[in-house]
Each structure stands twice: as C-alpha cells, then as structure tokens.
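Have a look at the structure below before the remarks.
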Amino acid sequence: MRDEIYKDETDISKFTFNQKVVDVFDDMVLRSVPGYKQMIELIGLAGRTYPIKNSNIYDLGCSTGAATLSIASNLRLESVKIFSIDNSQEMLDQCSKNLSSIEANIQYICDDINHIHFENASLIVLNLTLQFISPEKRLDLIKRIYDSLLPEGALIISEKIIHENEEINKSLVSLHESFKKENGYSDTEIAQKRRAIEDVLIPESINQHLERFQKVGFQRSLVQMQCLNFASFISIK
Ligand code: GEK
C-alpha cells in the first residue's frame, strides 16, 4: 500500500510503529531511505559469509522482515537459528506472514531489544533500528551485542547519519529531500514527517558510531556503504 500518512495537513502526533505504518512500511522505506535495497543486499551477503554452525543470528527491529528474508535466503547452514525481534506486535505479525513460506529456523519475539539477552551469535543486524533507541542506552546495547558475538562474528548497523560539518550536513539534508520529492512525496508530507520523527529518530555521526564500536572492543569496523545521509557499518569481532 502507498504511504500517504502525511499527505494532508494533520495534527502531528509522535510517530509510532502502529498498524497504519505497518500497512505502508515497505513502500515508505523504499521511497524514504536512499540505498535501502543495497543495504538489504549487503545483509544477505553477510548471511552467506558470517554464520557459524549451531550459532544464532539476530535481526533487531525486524519490521516487516526484509533483512531476515535476505539472511534466510542466503543462509547455507541448517543448524543456525534466526531471532527476528521487534517491539511492535503489528510489525512482527506482518513479518511472520511475509516469511511464512521460508524454510529457516526463525523465532519471532515481540520485546524491547534493550531487554533481550543475546548469546552464541555469529551475526547481529540492526538495520535502521539503533536510531530509535535512546542515545544513553546505545553504548550498553552495543556492548552486550559485542559480548554475545563469537570470534569472527559480525555486527551490521545501518543508520541515518548527520555530518559534523554543518554546511555539508545541510547539503545532505537537501539532497535527501530531493530524493523523497523525486519519489513522489510532497513538501507537506516531508515537513510533517520531519516533525513527527524529530524526537523519535536521533541520528549520530559516522565518527560517533565508529568510536562506540571501538570503545566496546571491536578492532575492525568500517562503513561498508554510504548513500547520502544513510550509512551501513560492519564490525567484526
Ligand atoms: C528493515 N530493520 O526493513 N525494541 C525493538 N524494536 C524496536 C525498538 C526497540 N526498543 N525501537 C524501535 N523498534 C527494518 C527496518 S524500522 C526503520 C527497521 C524505520 C523497531 C520498530 O518497531 C520498527 O519496526 C523498527 O525498529 C525500525 O530492514 O522505520 O526507519
């Protein structure tokens, strides 16, 4: 279904991942996130490369299941278990529906990822999810993820990013707005969405992410993709 949530002037309430968002999510993410398809493809590549026999994979903030699907379609080891986790029951219902025909060992969990105990992990993915976690909780979450990873296990994080240089940041924001306009969003839709997610989605800079990875113990982290103001990082333990 086409995303027209902010088409008309509405009373903007705080953005939540409710049924209205679930219904348009796939269209919304494709038309709003530059490079989204490539992000998902790179997660599939990791699903081919990093899983270890008898280990666990976590897709945190799985939404409608695009990253889980990409991993499951590339996975070559039957003994690996995938945990697809989201704190929106509506999202998780849609995710399990979308993946119902996939032959993989997938467990769906509706919970806050801050409360999940991770263990025996070979691959953990947060595709556009960390940006919704309160900044003060991010270090602890990434530390727990690092501790749960097996040697040579991988963490993939994709995020909206801000540039530390104000002028460059302005250019990235206006290019992103042009991207959305090119994909059919009006000025009203763009402005209303911006207001709705203002206090909900809190982006950080590439350096803030890289420094946090190093702080928790990752020796090998890099930006594997950047498209305008969105970036995907991969860190290997
Ligand atoms: C994709 N990964 O298409 N605990 C669990 N889930 C959460 C939490 C939390 N604390 N906070 C937010 N979420 C997907 C896209 S969307 C990105 C991820 C976006 C969930 C939230 O319910 C939503 O489904 C997801 O994180 C973020 O590859 O909407 O821009």
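Counting starts at 1 for both ligands and their atoms, following the listed order. Remember, it's a predicted structure, so these values are computed and weren't measured experimentally.
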Option from Ile85, Leu60, Asn87 for which side-chain contact (heavy atoms from CB on, under 4.5 Å) with Ile116 holds: Ile85

Heteroatom distance test (Asp59, ligand 1): nitrogen or oxygen, under 3.5 angstrom: no

message: Can a side-chain donor-acceptor contact be found between Asp59 and Ser84 if the only test is distance below 3.5 angstrom?
response: no

- request: Report, in ascending order of atom number, the atoms of ligand 1 lying under 4.0 Å from any heavy atom of Ser63.
  value: 14 (C), 15 (C), 16 (S), 18 (C), 23 (C), 24 (O), 25 (C), 27 (C)

query: Side chain or backbone of Ile133 under 4.0 Å from ligand 1, or both, or neither, by non-hydrogen atoms?
result: side chain

query: Out of curiosity, is Ile40 lining ligand 1, as in a heavy atom under 4.0 Å away?
result: yes

- request: Identify whether the distance between the nearest side-chain nitrogen and carboxylate oxygen of Glu198 and Arg195 falls below 4.0 Å.
  value: no

message: Please check: side-chain N/O of Gln226 versus main-chain N/O of Leu228, any donor-acceptor pairing under 3.5 Å?
response: yes

message: Can you tell me if Asp86 contacts ligand 1 (heavy atom of the residue under 4.0 Å from the ligand)?
response: yes

task: Without swapping roles, check the side chain of Ser70 against the backbone of Ala66 for a donor-acceptor pair under 3.5 Å.
output: no

message: Treating Glu159 as the side-chain partner and Gln131 as the backbone partner, does any N or O pair qualify as donor plus acceptor under 3.5 Å?
response: yes

message: So for Met39, does at least one of its heavy atoms come nearer than 4.0 angstrom to any atom of ligand 1?
response: no

- prompt: Does the pair Glu152/Arg220 count as a salt bridge with the N-to-O cut at 4.0 Å?
  reply: yes

- request: From the options Leu30, Leu128, Val33, select the one whose nearest heavy atom is closest to atom 17 (C) of ligand 1.
  value: Leu128

message: Does the structure place the NZ or CZ of Arg144 under 6.0 Å from the centre of the six-membered ring of Phe118, at an angle of no more than 45° from the ring's axis?
response: no

- prompt: Side chain or backbone of Met28 under 4.0 Å from ligand 1, or both, or neither, by non-hydrogen atoms?
  reply: neither

- request: Under 4.0 Å from a heavy atom of Met91: give me the atoms of ligand 1 that qualify, with their elements.
  value: 24 (O)

message: Which of the numbered atoms in ligand 1 are under 4.0 angstrom from any heavy atom belonging to Gln131?
response: 30 (O)

- request: Answer yes or no: does an N/O atom from Phe17 fall short of 3.5 Å to an N/O atom of ligand 1?
  value: no

task: Answer with yes or no whether Asp111 contacts ligand 1, where contact means a heavy atom under 4.0 Å from a ligand atom.
output: yes

statement: Note: ligand 1 atoms sitting under 4.0 Å from heavy atoms of Thr129 are 18 (C), 26 (O)

message: Determine whether a donor-acceptor pair (N or O, by modelled atom type, separation under 3.5 Å) exists between the side chain of Lys53 and the backbone of Ser79.
response: no

field: Proximal ligand 1 atoms for Ser88, defined as those under 4.0 Å from one of its heavy atoms
entry: 22 (O)

